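Chain letters run A, B, ... following the sequence lines, proteins first, then strands; residues in each count from 1. Bear in mind the structure is a predicted one, so any value in this text is a computation, not a measurement. In what follows, every heavy atom counts, from backbone to side chain, and hydrogens, waters and symmetry copies are set aside.
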There are 2 protein chains.
Amino acid sequence: MSFSPLLKISKLICILKNLALYLQVITHFYNSILMTDKQLKILQVALELFAKNGYSSTSTGKIAKQAGVSEGLIFRHFGNKEGLLEAVLQLGEEKIKSLFAEIVFETEPKEVIKKVLELGLKMIENKEDADFWKLQYKIKWEVERYNEQKMEPVEHALNQAFLKLGYKSPELEAKLLLITFDGIATRYFLQENFNLEGIVEFLHTKYLT
Amino acid sequence: MSFSPLLKISKLICILKNLALYLQVITHFYNSILMTDKQLKILQVALELFAKNGYSSTSTGKIAKQAGVSEGLIFRHFGNKEGLLEAVLQLGEEKIKSLFAEIVFETEPKEVIKKVLELGLKMIENKEDADFWKLQYKIKWEVERYNEQKMEPVEHALNQAFLKLGYKSPELEAKLLLITFDGIATRYFLQENFNLEGIVEFLHTKYLT
DNA sequence: TTGTTTTTAGTGATTACTTACTTACTATTA
DNA sequence: TAATAGTAAGTAAGTAATCACTAAAAACAA
């Protein structure tokens, strides 16, 4: 037996974490099935308007009007405006997690980096996905909280990848790439005519050739 | 004469731009002297609250109260709430420009990169500076406009530096570094316990050794 | 006095949220 | 099976508080 018990335990924890991840995805899938049409419509409109105009600039009245629903219904289902925001954020969370799963389970180091770079392009493939990511960043700045935990498995995978590729400071390289990712997102959502593909391609040649 | 006339004109334009830059700094310096105590106090408090709670979540009433001033005075001096925001943004602009001047006039390529990296640390040396930068990013997300122009001279300087150092794609390298800068700012302002010095030091070793 | 700065006391519009009520469906009981 | 009881979904019309903003008077300085 060449594995240390400590290593085995950490592997086990990792597997359990991923299991929990999938469980949450499934639970949430069923939750969204159990929802009423109007409930879902409220969430969709809220996501759209929060992402477009921000949380505090979007009134519950406007959401209700655009969703074709009475304003009171929002408070019946989500308690208050903040509860609605939480529901919107949680509804999209499994989208992140399923995207991350691909990266976390990848073992080939270059493939990990490649998939992280591709994530940047994937996250804006359709409008609802783009709205969701935009909201994530917008909310971060509006309420000032950065959820590091969500990115932790990706950072770990990148860390391992850079380690295998013989980088001198794999932890810092992983951190830097994810920080750059935030910068790219900032530019993509805020700067007109930002050349997303160009920068992603450049990172490709920097890291993968 | 080895310089092409086109090159000389572009040099001239560059010098004129920098002259205009300094002129604006001086004008603004005098503007701030001509201001009333209460006027300045309003701007200081507005900066603080906009940076802390965002533009639309900060009411003119709260600003007036914290500044120890009547609410009407804000509208006398700045017209409306948006005028106040513009004044706040402009008041801090020369701070950026004076920081940029150091970089733009530097000719030694490695020194340019070094100064860009140091800019990240300088911008949070005192609370008011940090508030200003935080506001810049917050406002960007709230109104969704990214002022590329402001960064253009820095990008140009970086471009020249990377060119001199023999990088394959100097333009993209310059762009990438500034994008990374945005990512670092995002993390610094939003992520608790973010190790700013660590990342800046890592970039130092990546680019300057 | 004269002109500027500042405050007081408002304005209508909008905010998040509540109330009282109806409708539609489901489970239980006779 | 049919009548009844209970629950969740949904609405219209409000609430007090807060919003950006204004007009007129008051305090102040030259």
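Regarding B/I74, its CD1 atom lies at a distance of 13 Å from the P atom of D/dT22, rounded to whole Å. Note: CD (B/E71) to P (C/dT6) measures 16 Å, nearest angstrom. Spacing between atom CG of B/N53 and atom P of D/dC19 amounts to 11 Å, rounded to whole angstrom units. When rounded to the nearest whole Å, the span between CZ of B/F78 and C1' of D/dT22 equals 18 Å. Counting to the nearest Å, the C1' atom of C/dT14 and the CD1 atom of A/I63 are 15 Å from each other. Atoms CG (A/D37) and P (C/dA24) sit 16 Å apart, rounded to a whole Å. Summarising the geometry, the separation between CG on B/L73 and P on D/dA27 is reported as 16 Å, rounded to the nearest angstrom. Taking atom NZ of residue B/K81 and atom C1' of nucleotide D/dT22, one finds them 17 Å apart after rounding to whole Å.
Place B/R76 and B/N80 on DNA chain D by their nearest nucleotides, and B/N80 ends up nearer the 5' end.
The six-membered or imidazole ring of B/F181 lies away from that of B/Y188, with a centre-to-centre distance of 6.0 Å or more.
Nucleic acid contact for B/T58: sugar-phosphate only, since backbone atoms but no base atoms lie under 4.0 Å from a heavy atom of the residue. Residue-level contact check: A/S56 touches neither bases nor backbone, having no heavy atom under 4.0 Å from any strand.
For D/dT18, neither phosphate oxygen OP1 nor OP2 lies less than 4.0 angstrom from any side-chain nitrogen or oxygen of B/K62. Proximity of A/H77 to the phosphate of D/dA8: no side-chain N or O atom is located under 4.0 Å from OP1 or OP2. A/S59 has a side-chain polar atom (N or O) that falls below the 4.0 Å cut-off from OP1 or OP2 of C/dT15. OP1 or OP2 of C/dA16 sits under 4.0 Å from a side-chain N or O of A/T60.
Listed nucleotides D/dT22, D/dG10, C/dT6 differ in distance to B/K38; the shortest reach to its side chain belongs to C/dT6.
Distance CD/A/E71 to CG/A/L73: 11.0 Å, rounded to 0.5 Å.
Ring geometry, A/F162 versus A/Y207: the interplanar angle falls from 30° to 60°, so the pair is classed tilted.
Under a cutoff of 6.0 Å and an axis angle of 45°, B/K150 and B/F100 do not form a cation-pi pair. Taking the ring axis of B/F189 as reference, the NZ or CZ atom of B/K138 does not stay both within 45° of it and closer than 6.0 Å to the ring centre.
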